[in-house]
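Single-structure report; data block below.
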2 protein chains.
Amino acid sequence: MTPEFNSWQSVQDEVLRRIHSRTWPPGAAIPNEAELAQEFGCARATVNRALQALADAGLLERKRRAGTRVALHPIRKATLSIPILRTEIEQRGATYGYGLIDRRLEVPPNPIRTRLGTGGAELLHTRALHTANGRPFVIEDRWVNLATVPAFAEVDLERFSANEWLVSHAPFTHGDIFFGADPCSITEAEALGCAVGAAVFTVERTTWNATAPITWVRLVYAPGYRMQTDL
Amino acid sequence: MTPEFNSWQSVQDEVLRRIHSRTWPPGAAIPNEAELAQEFGCARATVNRALQALADAGLLERKRRAGTRVALHPIRKATLSIPILRTEIEQRGATYGYGLIDRRLEVPPNPIRTRLGTGGAELLHTRALHTANGRPFVIEDRWVNLATVPAFAEVDLERFSANEWLVSHAPFTHGDIFFGADPCSITEAEALGCAVGAAVFTVERTTWNATAPITWVRLVYAPGYRMQTDL
DNA sequence: AAGTGGTCTAGACCACGTC
DNA sequence: ACGTGGTCTAGACCACTTT
């Protein structure tokens, strides 16, 4: 007798099997939800849930009226979780440490001013070092827009990292993030205790609350750092 | 009168508003689905859909019996789409080019052999250069396990890149991916036309089909490359 | 115009984890 | 043990897009 597919996961597994076995080759249209529901002996909503998950994963392409097709070039989507730095370090089984390097009110250089759109206003510029087992792990170089987050001016940055405070007190609605590789500058090399010009992994993140810019941060990881995720 | 929340998106917006306005502060428990459904005047399934989306986004933490809480440290999840290299270059408005550098059957060095778990077997080692507007963009250094993908042995790699062929012909069930920054080696510098030791962004990806290893690939991007995504 | 996916509803049962 | 989220169902209406 026909096996039963009474959970959306089992439906998803079966659809995956047909894609991998090329029963439904790349580019082909697959039966519509109603037909599949009948074949699988379940409700259409269950099929919908399964297909939607596969479309999110990039394996199917769905359009109203046009139906559902197997993606020609399955674009894999890797999800990076971006935890606070303390958690990132502790998850590696290391002891977390933190120290403030610098904190001053000043007008940011042009590229940052432009990205944040804060014009000629002064922002709070903070620099800090996060350590793992006492060894330099990452530099946090940050500009905070006090016009959006006035309470940040009062935070005792000797004790709490800007990273942590902002995450729990200044929710953002959207932002962008860039990953790259750069040669280590002189001041960065000094803080990280590595050679000038060494290849370092960098992250630059800008966040907004609605249209109000909150902060721009550049993270410079010590040489050898790798960021990982599963597919 | 009470506004109506008859779509899961509007429910999500309202919940978001309450989180941002700290009506429901970080760490607090929020009413259960049945209560919210009644308050919002919609079905519980609609509330469920909204809360589930927010939990996926890392803003809520849900546990059976324990209920739903606002996350203390909202872990942002950035999703990177990993397209085939041709598309990545064309999306930047550049002309895509491709050239095979090398192709030979050999036993991989120990680290790669260990990662793939192929023991002392020979794998197909290919090296290729992908160009944007004729300028070196990324080196693709790849080991393919012919035991899993025998058809790959017949592919004309002068015409089709390994990247593209594998994506459409060798679906993988899972894999992992590492991002890092490395100093450019001599051979890499030669292919990319940059200085030896320059900081380059690197990606290392391993993929399996069930338990069978398919391929290991290292991508070395030309200096200055950045990977971007939105939050 | 018509067919497809997208979503909502009301009710039900279940799995899990906390109490 | 029991309350919570997780899911399934059957039916319905709607939005979109292609024909």
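Only this structure's heavy atoms are used, side chains among them; waters, hydrogens and symmetry mates stay out. Per chain, numbering begins at 1; letters A, B, ... match sequence-line order.
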For this session: Could you give me the CA-CA distance, side-chain angles and deciding distance for B:Arg115 and B:Glu204, then say whether salt bridge (charged side-chain N to carboxylate O under 4.0 Å, His left out) is met?
Result: CA-CA 11 Å; B:Arg115 272 205 68 58; B:Glu204 290 178 10; over 6 Å; no
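Listed pair A:Thr68 / C:dG5 meets the phosphate criterion, a side-chain N or O lying under 4.0 Å from OP1 or OP2.
Of all nucleotides in DNA chain D having an atom under 4.0 Å from a heavy atom of chain B, the first and last in 5' to 3' order are D:dC2 to D:dT7.
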For this session: Give the B/S/- string for nucleotides 14-19 of chain C, one per nucleotide from 5' to 3', where a protein heavy atom under 4.0 Å of the base yields B, of only the sugar-phosphate yields S, and otherwise -.
Result: -BBBBS
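Donor-acceptor pairing under 3.5 Å is recorded for the side chains of A:Arg62 and A:Thr68.
We find that CZ of A:Arg62 is positioned 12 Å from P of C:dT4, with the value rounded to whole Å.
Between the side chain of B:Thr131 and the backbone N or O of B:Pro136, no donor-acceptor pair lies under 3.5 Å. A donor-acceptor pair under 3.5 Å is formed between the side chain of B:Glu140 and the backbone N or O of B:Asn163. Looking only at distances, a side-chain donor or acceptor of B:Thr148 sits under 3.5 Å from a matching main-chain atom of B:Pro213.
Contacts of B:Arg49 with the nucleic acid, taken as non-hydrogen atoms under 4.0 Å apart, involve only primed sugar atoms and P, OP1 or OP2.
Annotation: of the two residues near DNA chain D, A:Arg44 and A:Gln9, the 5′-most nearest-nucleotide partner is A:Gln9. Take the nearest nucleotide of DNA chain D for B:Asn32 and for A:Cys42: the residue whose nucleotide is more 5' is B:Asn32.
Ring geometry for B:Tyr225 against B:Phe201 counts as tilted: the plane angle lies between 30° and 60°, on a 0 to 90° scale.
Within 6.0 Å of the CZ atom in A:Arg135, the count of heavy atoms belonging to other residues, nucleotides or ligands does not exceed 12. The 12-atom threshold is not exceeded at CD of B:Gln38, counting heavy atoms of other residues, nucleotides or ligands nearer than 6.0 Å.
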